[in-house]
Structure formats: structure tokens, C-alpha cells
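Taking it in order: structure first as C-alpha cells, then the write-up.
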Amino acid sequence: MNTPAKILVVDDEMGIREGCRRVLGEEGYDIDLAEDGTVGLRRVQEKAYDLILVDLMMPGIGGLDLIKKIHEIDPEIILVVITGYATIETAVEATKRGAYDYLPKPFTPEALAVLVKRGIEKRELRLEAQRLHDEREQRLLELAGEKSRLRSIIGCMADGVLVTNLQRQLVLWNAAAVKMLRLSDTDEPGRLMDHCLKNRALIESLDRILGSKDESFSMIGQEIRTDDPKSVLMAQMAPVRDEHGRLLGAVTVIRDITNLKEIETIKSQFVSMVAHELRSPLAAIEGWLGVVLSGEAAGDEEQKRKWLLRAKERANSLLALVQDLLEINKIEAGKVAQKMESVQLTDMIGKIVEFFKPEAERQHVLLEMKPSVALPAIQADIQDMEKLFTNLVSNAIKYNVENGSVTIETSLDAHFVGIHIRDTGVGIAPADLPRIFDDFFRAETKRTKRISGTGLGLTIAKKIVDSHFGHIEVESQPDRGSTFSVYLPRKK
Amino acid sequence: MKASGKILLVDDDPDFLEMHTAVLQNHGYDVLTATSGQEGLERVRAEMPDLIILDLMMEKHDAGFSFSKTVKTDPLFRKIPILMVTSVAEATGFRFSLEEDGYWMKTDDFLDKPVMPEVLLERVDKLLRKRE
């Protein structure tokens with residue numbers, strides 16, 4: 001003990017008080033004295049004593065009352081009763097009320113020293129016990145806090161978490177796990193996993209982990225499917241071990257990879273579509289070259305030239321296709337490639353119309369710009385806009401009829417500028433309308449069969465409009481014509 | 001050597017129609033063409049060709065299959081040999097073969113596009129001979 005134990009002596013006899021001070025002072029204790037109960041009580045309120053010697057018979061507050069009052073202040077203070085009337089009864093009564101022991105008068109200095117020493121030791125033990133108790137309480141509190149923190153963290157995770165113990169019971173899970181695995185009866189922990197889990201494959205894997213004797217066994221990752229045929233989950237399962245490496249249970253983390261799978265499928269479909277679209281013109285080119293090389297023309301130079309021209313045409317269309325694919329890639333790479341600046345659409349479309357005039361004349365189509373309202377400048381990428389309207393005007397001419405027309409009109413409302421490209425062409429069947437913006441989709445009719453195209457023009461148009469936060473609409477009637485309307489946001 | 005026979009080409013790619021027409025006509029065959037399965041069937045009924053050269057992928061992806069099935073289950077036309085020409089085989093990562101797919105595909109021979117003139121002529125000649 002670093003600081004000397006603090007002892008108070010409460011006795012109305014001065015001889016006893018001074019005697020105690022002398023004996024206990026020699027033992028190295030810190031001694032205070034009080035001549036009656038009132039003074040004694042005040043001392044106890046002012047200072048934390050380790051041990052108090054109390055005379056039972058005092059005027060004023062009696063010893064028994066004092067014991068009670070002191071213990072109300074600190075129940076761990078060691079109280080030793082001094083009594084002149086060494087009656088067993090009163091002493092027993094005092095110990096009943098919480099006194100540690102008693103010392104009958106008259107007593108020898110040795111008896112006093114021994115008893116006080118014992119009492120102080122008792123006090124130290126009590127304090128130590130109290131400290132341990134407090135510490136434990138604190139630890140438990142922390143543990144409870146930790147547990148609730150852990151629950152909060154696990155609870156708000158988007159991935160599902162599921163913990164099972166060696167008895168195959170569910171002990172911990174979160175809402176995401178309940179939703180993804182459609183867990184049932186999870187109102188309280190401790191249910192068998194076979195009862196709550198519907199998924200056979202998952203149960204089997206968990207059993208493998210729980211039954212594994214191998215200490216190096218670390219993880220199972222597997223794709224699992226639920227009742228919902230569209231959804232695909234990825235489950236990572238691992239053993240939970242204590243600090244000695246003993247198996248305690250298994251933890252499962254579930255991630256919904258449905259979207260990833262979909263993207264994968266779309267990507268592979270796109271790749272196979274592109275491969276096919278590239279192969280067709282290549283096969284035709286090789287075919288024509290083969291015909292020329294195998295000498296089928298038999299010296300007819302004009303014939304040979306014709307066939308080579310056909311090969312060249314297909315090579316051109318292949319080039320256009322690759323160009324369009326690069327274009328799509330550029331748009332999809334995102335806004336990084338976009339350079340937004342002020343664009344006068346009416347002027348730009350006017351130039352595009354001029355450019356297409358000769359082509360329209362060759363096809364006997366009347367191409368006209370009839371802006372019904374003057375459009376304000378908008379913020380857009382010039383190259384994107386040129387590509388967009390080139391595609392739409394070119395389509396309107398390509399899919400037109402002899403002596404048909406293409407008219408470009410404008411409109412304006414509070415939020416959008418509108419450009420309407422109206423043709424009198426072959427039109428689009430209602431069944432095909434929803435698919436016209438799909439990659440490589442080409443509406444096929446007898447009249448469109450001879451028109452070459454990559455099937456990507458409208459895909460690109462839509463992607464450009466989308467990337468500018470606008471929208472594109474189409475109205476069409478077969479054999480009557482189509483109107484493509486582009487709406488782009490006005491400059492704020 | 002001048003061969004003879006009436007050959008129907010069914011293909012939706014105008015390049016291949018023209019290419020094969022040129023080669024076959026050069027070698028003395030009469031050539032009919034059709035750009036869809038429907039048109040092809042009409043020409044089969046009207047002209048009774050000696051051989052049909054068919055592209056597998058036409059307007060719909062199974063048009064070639066249904067065309068050959070219609071021809072091969074018709075008692076009048078089932079004897080007409082069909083040479084299937086296709087570009088799907090390698091693109092889809094598998095090859096058709098007579099042994100494995102001949103039964104349900106109901107055609108007499110397969111070739112991958114593009115077909116070189118010598119190969120086309122050799123197969124056509126073989127199929128027509130077999131018929132005689």
C-alpha cells in the first residue's frame with residue numbers, strides 16, 4: 001500500500017483515543033480522532049477512511065446508530081467496535097449491523113494492532129474485489145456496446161451476412177441476407193439452418209465447412225440461384241475459428257451479382273453480333289476475290305473489274321460499320337470525349353441539308369429545311385450533333401420513295417428545342433418500332449432489302465441524344481413515312 | 001467441260017447470289033435466284049430445280065432450317081438435293097457436319113461461306129451426279 005491506511009477513532013474517553021493514536025501511529029497509519037458520534041460522522045463525510053474504531057457506548061449518537069450512518073456513506077469501510085461492556089450480545093448485534101469485528105475493553109496494544117492490521121487487509125481485499133467488479137461491469141458494458149455496434153454495421157451492409165454455429169443454428173444475420181436468401185422464421189436466433197434456409201446447395205457447402213477437420217480449410221465461393229430465376233447470388237463461405245484455431249461455426253457473405261451477370265450476357269451477345277456483322281461483308285469480299293482469282297472471268301477484264309468493284313463496295317460498308325462501332329465506343333466512353341459548346345442547330349442542319357442535296361436529287365427526293373421557329377443556341381458537342389443529324393437526314397433520304405420528300409421542321413417549348421425530320425418514305429411496321437434503336441436492328445421489308453446500312457445509325461443517334469440529356473421520338477406508318485423528333489435541353 | 005442442270009440459289013445477301021450465279025452460269029448451269037425462304041419455296045414449286053443452294057441465315061435465323069424441312073418432307077421435292085451454305089458455323093463456334101446434324105437439318109451437304117468457285121463446282125457436280 002502506497003499511502004498509509006486512514007483510520008478514525010471515535011470514543012468519548014480521551015485515554016482510549018490517545019492510546020489508539022499512539023499504538024496505531026507507531027504502525028504507520030494515518031490517524032484522526034473524534035470525541036463523539038456527531039464529530040465522527042462529520043469526519044467521515046469529509047475524508048475517506050479505511051477503518052473506523054467506534055465506541056459502542058457514547059453520549060449523543062450511539063455506536064450502533066453511527067455504524068448504520070457510516071455504512072450509508074461507504075459500505076466498504078471496515079468498522080471495529082470497541083466496547084467497555086464486553087457483552088457478547090451487543091457485539092453480536094454490532095456485527096449484525098455490519099461491524100467487522102469487536103475489541104473488548106480493556107485491550108492490549110498488541111490486540112489492537114493485530115485487529116486493525118487484519119481489518120485493513122480486509123479493506124484492501126474488499127476494495128480489490130470492488131475494483132474487479134467495476135472492471136467487469138465496464139467490460140460487459142463495452143462488450144454490449146461492441147455487439148450492438150457490430151449489429152448496426154452488419155445490419156446496414158448491402159451484402160448479406162449469415163453466421164451459423166457448430167450446432168447448425170443461425171446465430172447472426174442481416175436484413176440483406178433475409179431478403180436475398182428469402183430466409184424464413186428468423187424472428188429469433190437459434191433455429192436450425194435447414195429450417196430457415198431454402199437453398200440446398202448453400203446448406204451442403206455450410207455442412208462441408210462445419211464438418212471439416214482440416215484446419216487450413218479457408219473458403220468456399222459459389223454462385224447460387226434462388227427461386228427467382230433472374231437472380232444470381234455469389235456466396236463466400238468461411239469457417240469462424242477461436243484464437244486456438246478451433247472451429248466455432250461458419251460465416252457466409254452473399255452478394256447479388258444479377259446485374260453483373262446481365263451485363264456479361266449483354267456483352268457477349270454484343271460481341272457475337274458484331275462478329276457476325278463483320279463476318280458477312282468479309283465473306284462477301286473474300287468470295288468476290290475468290291471468283292476473280294480462280295479465273296472465272298476467263299480474260300474478260302470488264303467482268304473482272306465489275307467483281308472487284310463489288311468487293312470494294314462491301315469493303316466500304318465494312319469500313320462504315322467499323323466507323324460506327326468506334327463511334328458507339330466513343331459515346332459510351334462517356335462525357336470525357338464530349339466538348340460542350342454553344343451550337344446553332346438551325347445553321348448546322350442547314351449545312352447538312354446542303355451537303356445531302358445532290359444525294360437527294362439522285363434519289364428523286366425533295367429535301368427541304370422549313371424551320372417554323374428560330375432555335376436558340378444550345379450547349380452541345382458539335383461533332384456529336386453533326387453525326388446525329390447526318391444519320392437522321394441520311395436515313396430519311398435512304399428509306400424514301402421515288403418523288404418523296406424530306407422536310408426538317410423546328411419547335412420550341414420551355415425546356416427543349418425540337419427538330420423534326422419528316423419523310424414520306426417506307427415507314428416502320430408497328431411491331432418493329434420498339435426495336436429500331438437496338439444495335440444492328442434493321443427493319444426488313446422488300447423495299448429496304450437493297451438499301452445498305454450498318455444497323456447502328458439509330459443506335460448512335462439515340463446514344464448521342466441520351467448523352468445530351470435529351471430524347472428522341474419516332475412516329476411512323478408503313479408506306480406513309482416516318483417522323484423522327486429530337487428534343488434537346490435549352491441552355492439555362 | 002459443260003455441265004447442265006437447273007440450280008436454285010436462296011440467299012438474302014445479293015453479293016453471294018450474284019457471285020454464285022456468275023460462277024454457275026459460267027460453267028453451263030441454269031440459275032434461278034430467291035432472296036427469302038418464301039420466294040425460294042415458290043420457285044421450287046414453279047420451276048422444280050435439280051439442286052438447291054441455301055443460305056442458312058436468312059431473314060429470320062431459322063429460315064434456312066424451316067425451308068429445308070419443308071422441301072425435304074414434301075414427297076414431290078424431297079429428292080432435290082440441298083447444299084447448305086452458311087457463315088454461322090464458325091461465328092457461333094461450332095461446325096455443322098452431315099453425320100451429326102444431317103438428320104434433322106435435312107440437307108445433303110454443307111459448306112462455309114465464302115465458297116471458292118472450284119469447291120462450289122465440285123460439290124454441285126457431285127450432288128447432281130448422285131441424283132442421277
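Residue numbering restarts at 1 for every chain, and letters A, B, ... go by the order of the sequence lines. Bear in mind that the values here come from a model prediction, so they are computed numbers and not experimental data. Heavy-atom basis, side chains included; hydrogens, waters and symmetry copies ignored.
- Contact annotation for B/Asp13: only side-chain heavy atoms (C-beta onward) come within less than 4.5 Å of a heavy atom of chain A.
- Residue A/Arg255 qualifies as open at atom CZ: its count of foreign heavy atoms under 6.0 Å is 12 or below.
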Only pairs under 3.5 Å count here: list side-chain donor-acceptor contacts from residues 289-300 of chain A, not counting sequence neighbours, and write none if there are none.
residue: A/Ser294; atom: OG; partner: A/Gly290; partner atom: O; Å: 3.0
residue: A/Ser294; atom: OG; partner: A/Val291; partner atom: O; Å: 3.1
residue: A/Glu296; atom: OE1; partner: B/Asn26; partner atom: ND2; Å: 3.0
residue: A/Glu296; atom: OE1; partner: B/His27; partner atom: NE2; Å: 3.0
residue: A/Glu296; atom: OE2; partner: B/His27; partner atom: NE2; Å: 2.9
residue: A/Asp300; atom: OD1; partner: A/Glu302; partner atom: N; Å: 3.2
residue: A/Asp300; atom: OD1; partner: A/Gln303; partner atom: N; Å: 3.1

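- Residues that satisfy the ring-ring contact (aromatic ring centres under 6.0 Å, His included) test with A/His364, not counting sequence neighbours, are absent from this structure.
- Residue B/Met19 holds its CE atom at 8.0 Å from CZ of A/Arg310, rounded to the nearest 0.5 Å.
- Comparing A/Ala311, A/Pro281, A/Ala284 by how many heavy-atom pairs each has under 4.5 Å with chain B, the most go to A/Ala284.
- In the displayed structure, A/Lys312 atom NZ is contacted under 6.0 Å by at most 12 heavy atoms of other residues, nucleotides or ligands.
- Environment of CZ in A/Phe355: sparse, with no more than 12 heavy atoms of neighbouring residues, nucleotides or ligands closer than 6.0 Å.
- The heavy-atom pair separating A/Trp307 from B/Ala22 by the smallest distance is CZ2-CB, 3.4 Å.
- Note that CD of B/Glu18 and CH2 of A/Trp288 are 4.5 Å apart. Values are rounded to the nearest 0.5 Å.
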